[in-house]
Amino acid sequence: MNAMPDIRWRHIGNVLHLLRQDGPLTRADVIDGTGLSRSTVNQHLAALAEAGLIRESTPAESTGGRPSSRYAFQPRRAAVLTVDVGATGVELAVCDLDGAILSRSAIRIDVWRGPDAVLSVIWDAALPLLEAPHPELWAVSIGVPGPVEVAARRVMQPPIMTGWDGFDIVGWFEARLPGLPCIVENDVNARAIAEARLRGLDNLIALKLGTGLGAGLFFNGAIVRGARGNAGDIGHTRAADADAAGVICRCGNEGCVEALAGGWALQRDLRARGREAVSSHDVVGLVQAGDREALRLVRAAGRRIGDAVADLVGILNPSVVVLSGQLADCGPVLLSGITEKVHAQNGPISTGELSIEVSELGDLAGVTGLAYSAVDHLLSPAGLPAVLSRTTYAAV
Ligand SMILES: [Zn+2]
């Protein structure tokens with residue numbers, strides 16, 4: 001492995017990054033934007049065009065003089081398969097190099113059935129997407145609801161993923177899609193990447209509120225991972241209120257926020273009050289039907305989640321907190337408690353320009369963020385040598 005990408009790949013990466021971000025651009029724009037010499041830019045534009053990643057077009061302008069060619073990134077040059085594994089469901093999508101979803105499907109699973117059973121169901125769902133017409137597949141990107149050691153590409157000690165600890169999920173996919181790079185990311189980190197990129201923000205917290213609870217922390221333009229990949233795991237921090245004592249969490253600890261305010265805990269409490277609730281979807285249905293117990297419990301859950309989020313807001317100072325996951329469909333019933341606590345526990349310097357909102361991407365934030373991660377890897381100085389050495393492309 002070549003650990004240090006040489007300067008050439010960094011320069012090509014810069015040219016491509018500029019075209020992805022600001023294109024279409026003229027040759028002069030690229031020279032200005034990268035600070036590279038004309039001959040270097042010429043060389044790199046030619047290499048990228050040959051690989052099909054950019055295309056040159058001459059606008060038909062009649063302003064006198066010869067119009068300059070413009071170079072545009074070609075997002076449909078290739079695709080990535082994204083697999084967003086949740087506790088009870090999986091979103092699969094084939095996305096282009098801009099993260100746009102070309103085809104998708106969703107399935108139900110129980111993640112605690114373990115990797116072999118779950119991955120074979122996922123593979124059955126992926127095959128129709130892979131067999132349908134799509135641009136050449138360049139990578140696979142998998143999201144999982146547990147801490148990920150990115151360097152080791154493994155799930156580490158996930159509190160809810162029984163049997164997945166240390167499982168080689170990357171190896172599993174690489175054995176079935178040989179030759180394709182495969183990356184693995186925590187599910188809520190992927191959501192944070194998508195939400196931040198779409199808003200053009202550098203400081204944002206994404207909450208996934210479903211069966212479990214988690215936060216993705218995107219600060220100074222990058223995911224905050226922590227020493228073991230577990231940063232943002234608000235679900236298994238201790239709830240602030242007295243009711244938390246004696247409530248056992250599915251992670252084995254006592255009094256976790258999730259054990260009082262997670263989707264599974266709300267189902268438990270609604271069943272204890274005679275309601276039929278076996279999924280987070282049922283919880284949302286009861287709220288939308290105006291069930292008084294459901295409304296009361298979800299409002300209380302919002303305040304408990306708000307307590308945990310308030311600390312993060314005070315410490316990290318995001319500009320947006322964005323909610324997704326099934327419980328986010330409770331809308332203002334859940335949101336109001338979070339907003340109330342975040343504002344009550346922080347001063348105006350933290351909250352004055354803070355927006356707390358429900359995601360417009362919803363559960364597609366996961367696959368979108370996974371696509372961005374994979375493409376950023378492919379088109380980075382470390383990924384570009386493999387991408388540009390592909391010879392199967394024929395320009396049309
Ligand atoms: Zn816990």
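Numbering of ligands and ligand atoms starts at 1, following listing order. Basis for what follows: all heavy atoms, side chains included, without hydrogens, waters or symmetry-related copies. Remember, predicted model here, so these are calculated numbers, not experimental data.
Distance CD1/Ile183 to CG/Leu370: 7.0 Å, rounded to 0.5 Å.
Side-chain contact annotation: Glu195 with Ser359, donor-acceptor N/O pair under 3.5 Å present. Residues Ser39 and Asn42 have side chains that never bring a donor and an acceptor to within less than 3.5 angstrom of each other.
Ring geometry for His44 versus His11: interplanar angle of 30 to 60°, hence tilted.
Within the protein, the N, O or S atoms sitting under 2.8 Å from the Zn ion (ligand 1) are His236 ND1, Cys249 SG, Cys251 SG, Cys256 SG.
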Output, in order, the C-alpha distance, side-chain angles, deciding distance and verdict of salt bridge (Lys or Arg N to Asp or Glu O under 4.0 Å) for Arg191 and Asp363. CA-CA 9 Å; Arg191 288 173 188 231; Asp363 282 333; 3.0 Å; yes
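Between Trp164 and Val111 there is a side-chain heavy-atom pair separated by less than 4.5 Å.
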